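First the structure, in the form of structure tokens, and then the observations on it.
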Amino acid sequence: MNEIIFVAGDWPVRAIDALIGFGALVLILLVAIAVVIARSGRRGAELAMAHAIRADELEERLSQVLHAQSEASGRVDAMSQALAGRQADMARAVNERLDSVTHRVGQSMENTTRNTMESLRALHERLGIIDNAHKNLTDLTTQVTTLRDVLANKQSRGAFGQARMEAIVQDGLPKGAYEFQFTLSTGKRPDCVVFLPDQRPLCIDAKFPLEAMTALHDARSDEEKRIATQRLRNDVMKHVSDIAEKYLVTGETQEMALMFVPSESVYAEIHDGFDDIIQKAYRARVVLVSPSLLMLAIQVMQQIMKDARMRDAADQIRTEVIKLGDDLGRLRDRVTKLQKHFADANEDVRQILISADKIEKRAGRIEELDFSKTDAPEGPHLVATGAPELFPRKLQAGE
């Protein structure tokens with residue numbers, strides 16, 4: 001009833017105000033009618049009837065107005081109830097929406113927090129990995145610096161190449177097939193020799209001249225590169241000539257020697273950019289090998305030694321094969337004898353089964369007191385006794 005129906009100017013008009021105004025209007029109308037009737041009382045009887053009729057009409061209209069007022073009041077109440085229901089539904093929907101939004105916001109914040117924590121954890125792990133990598137890089141830098149210092153010294157570099165060559169030879173060959181610092185008849189001592197099947201050693205030298213290669217890497221101008229290149233050719237060819245002169249002894253050593261290059265990159269650079277050095281060294285019967293090629297050569301030597309041992313043991317293997325054939329023949333004879341024994345045993349078992357069948361038949365006749373049938377003798381090894389033998393049960397075959 002306190003709902004605002006309309007606004008007249010700045011004055012809000014509510015339903016109860018409308019009802020009160022309408023009632024006041026009706027009362028004012030009734031008073032006016034009463035005043036008119038009172039003033040017209042003096043008129044004639046004809047006007048009294050008219051007034052009576054008018055009063056009835058007014059009363060009827062008043063009843064209609066009251067009925068319309070009651071209907072309007074009912075409609076206003078229905079509208080108020082509908083508005084209240086709509087307001088309650090809207091409030092419930094708003095609360096539900098707020099709850100849903102609050103729940104979603106909470107889940108989103110929780111997921112965001114979880115993702116942030118996981119990202120921070122992953123970032124922490126990556127930072128730990130980066131710290132370890134930085135530490136490893138620092139250690140590697142220290143090792144590289146130490147290796148550079150080692151390679152800068154000629155004696156240290158020679159010891160480094162010697163150690164790599166010895167590790168490859170020791171891993172690939174058995175003891176006794178090689179020797180380090182072996183003394184030749186000329187008094188020369190190569191870094192390593194490998195004894196091939198003909199007992200002539202294959203010499204390996206591990207002292208590669210690296211100074212010229214370092215100078216070539218450090219060269220900046222074309223003139224410096226040209227000088228370093230010529231120096232590299234001269235140093236390598238001089239070392240090849242020294243190896244051929246010292247370690248290739250006719251009738252004592254192999255006709256070829258190996259010059260070990262302790263770096264794959266240095267060997268690849270020489271092989272790609274200085275092919276003439278490789279060819280000249282090959283004509284001088286000196287072969288340049290990198291660590292991987294030396295490993296392959298050691299494996300080939302090992303296979304050659306194995307084949308030589310197989311050839312040396314061929315006669316012994318042939319003798320053992322002949323003895324194995326004789327043993328196989330004796331085994332065949334013994335198996336044949338064993339087969340004959342099995343055949344005799346099978347025949348004896350068959351004869352025993354025949355005797356058991358006849359004994360079973362005889363026991364059946366004794367049980368039935370029928371002696372009309374006679375059995376044929378089994379053979380000369382069976383003796384009939386004339387005395388009947390009784391069995392408490394029938395004998396089965398094989399008993």
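Please read all numbers here as calculations on a predicted model, not as lab measurements. Just so you know, these numbers use all the heavy atoms, side chains as well, and skip hydrogens, waters and symmetry mates.
- Of all heavy-atom pairs between L293 and Y267, the closest is CD1-OH, 3.2 Å.
- A distance of 8.5 Å separates SG in C192 from CG in L294, rounded to the nearest 0.5 Å.
- Closest approach of V249 to K246, counting heavy atoms only: CG2-O, 4.1 Å.
- Considering only heavy atoms from C-beta on, M259 stays 4.5 Å or farther from V289 through its side chain.
- Closest approach of P262 and P291 over heavy atoms only: O-CG, 3.7 Å.
- No more than 12 heavy atoms of other residues, nucleotides or ligands sit less than 6.0 Å from atom CD of Q339.
- Taken to the nearest 0.5 Å, the CG atom of N115 stands 11.0 Å off from the CG atom of L120.
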(request) Test L338 against F342 for side chain to side chain contact (heavy atoms under 4.5 Å, CB included), laying out the working first. (result) CA-CA 6 Å; L338 182 61; F342 279 145; 3.6 Å; yes
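- When every heavy atom of G251 is checked against every heavy atom of R200, the shortest pair comes out as O-CD, 4.0 Å.
- The hydrophobic cluster containing I204 also contains Y282, counting ILVMFWY residues as joined when their side-chain heavy atoms lie under 4.5 angstrom apart, directly or transitively.
- For the pair V349 and L353, the minimum side-chain heavy-atom distance is below 4.5 Å.
- Applying the side chain to side chain contact (heavy atoms under 4.5 Å, CB included) test between M256 and each of V287, V286, L248 identifies V287 as the sole match.
- The residue from V236, L288, D272 that alone fulfils the side chain to side chain contact (heavy atoms under 4.5 Å, CB included) condition with I278 is L288.
- Legend: side chain to side chain donor-acceptor pair (under 3.5 Å) pairs involving residues 120-129, not counting sequence neighbours: none detected.
- A salt bridge does not link D131 with K135: every distance from a Lys NZ or Arg NE/NH1/NH2 to an Asp or Glu carboxylate oxygen is 4.0 Å or more.
- With rounding to the nearest 0.5 Å, the separation of NZ in K238 from CD1 in I243 is 11.0 Å.
- Atom NZ of K188 sits about 9.0 Å away from atom CG of D242, to the nearest 0.5 Å.
- When only modelled atom types and interatomic distance are considered, N234 and Q230 share a side-chain donor-acceptor pair under 3.5 Å.
- I277 and I227 are members of different hydrophobic clusters when ILVMFWY side chains are connected at heavy-atom separations under 4.5 Å.
- Hydrophobic clustering (ILVMFWY, side-chain heavy atoms < 4.5 Å, transitive): F195 and V300 are in distinct clusters.
- The hydrophobic cluster containing L66 also contains L30, counting ILVMFWY residues as joined when their side-chain heavy atoms lie under 4.5 angstrom apart, directly or transitively.
- With respect to D333 and R330, no salt bridge is recorded, no charged nitrogen being found less than 4.0 Å from a carboxylate O.
- A 4.5 Å side-chain heavy-atom check between K358 and I354 finds at least one atom pair inside the cut-off.
- No more than 12 heavy atoms of other residues, nucleotides or ligands shown are found within 6.0 angstrom of CD on E59.
- A 4.5 Å side-chain heavy-atom check between L83 and Q87 finds every atom pair outside the cut-off.
- Heavy atoms only, all atoms of each residue included: A206 and M165 are closest at CB-CE, 4.0 Å.
- Around the CD atom of E264, the shell of radius 6.0 Å holds more than 12 heavy atoms that belong to other residues, nucleotides or ligands.
- Heavy-atom contacts from other residues, nucleotides or ligands closer than 6.0 Å to CZ of R75 number 12 or fewer.
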(message) side chain to side chain contact (heavy atoms under 4.5 Å, CB included), that's the test. Do L98 and V94 meet it? Break it down for me.
(response) CA-CA 6 Å; L98 288 176; V94 169; 3.9 Å; yes
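- Scanning both residues, R285 and E255, for their nearest heavy atoms gives CD-O, 3.1 Å.
- Residues S100 and R104 form a side-chain contact, since some pair of their non-hydrogen atoms from C-beta on lies under 4.5 Å apart.
- Once rounded to the nearest 0.5 Å, the distance linking CG of L196 with CE of M305 reads 5.5 Å.
- Side-chain atoms of E166 do not come within 3.5 Å of backbone N or O of F180 as any donor-acceptor pair.
- Q64 CD: more than 12 foreign heavy atoms inside a 6.0 Å radius.
- No side-chain donor from either of Q303 and Q299 sits under 3.5 Å from a side-chain acceptor of the other.
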(request) Take S108 and T112 through the side chain to side chain contact (heavy atoms under 4.5 Å, CB included) test and state the conclusion after the steps. (result) CA-CA 6 Å; S108 178; T112 304; 4.0 Å; yes
(message) Walk me through whether E110 and R114 qualify under salt bridge (Lys or Arg N to Asp or Glu O under 4.0 Å).
(response) CA-CA 6 Å; E110 184 178 358; R114 187 184 304 110; 3.3 Å; yes
(message) Let's go through R233 and D276 carefully: what are the C-alpha distance in whole Å and the side-chain angles of both, what is the deciding distance for side chain to side chain contact (heavy atoms under 4.5 Å, CB included) to 0.1 Å, and is it a yes or a no?
(response) CA-CA 9 Å; R233 283 192 171 91; D276 56 334; 2.9 Å; yes
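- Using a 4.0 Å cut-off between charged nitrogen and carboxylate oxygen, R226 and D222 do not count as a salt-bridge pair.
- Residues Q162 and Q181 are in side-chain contact: their nearest non-hydrogen atoms beyond the backbone lie under 4.5 Å apart.
- F260 has its side chain within reach of I168: a pair of non-hydrogen atoms, C-beta onward, lies under 4.5 Å apart.
- Under the 4.5 Å side-chain contact rule for hydrophobic residues, I304 and M295 do not share a cluster.
- Considering only heavy atoms from C-beta on, E245 stays 4.5 Å or farther from T186 through its side chain.
- How far CE of M90 is from CG of N95: 12.0 Å, rounded to the nearest 0.5 Å.
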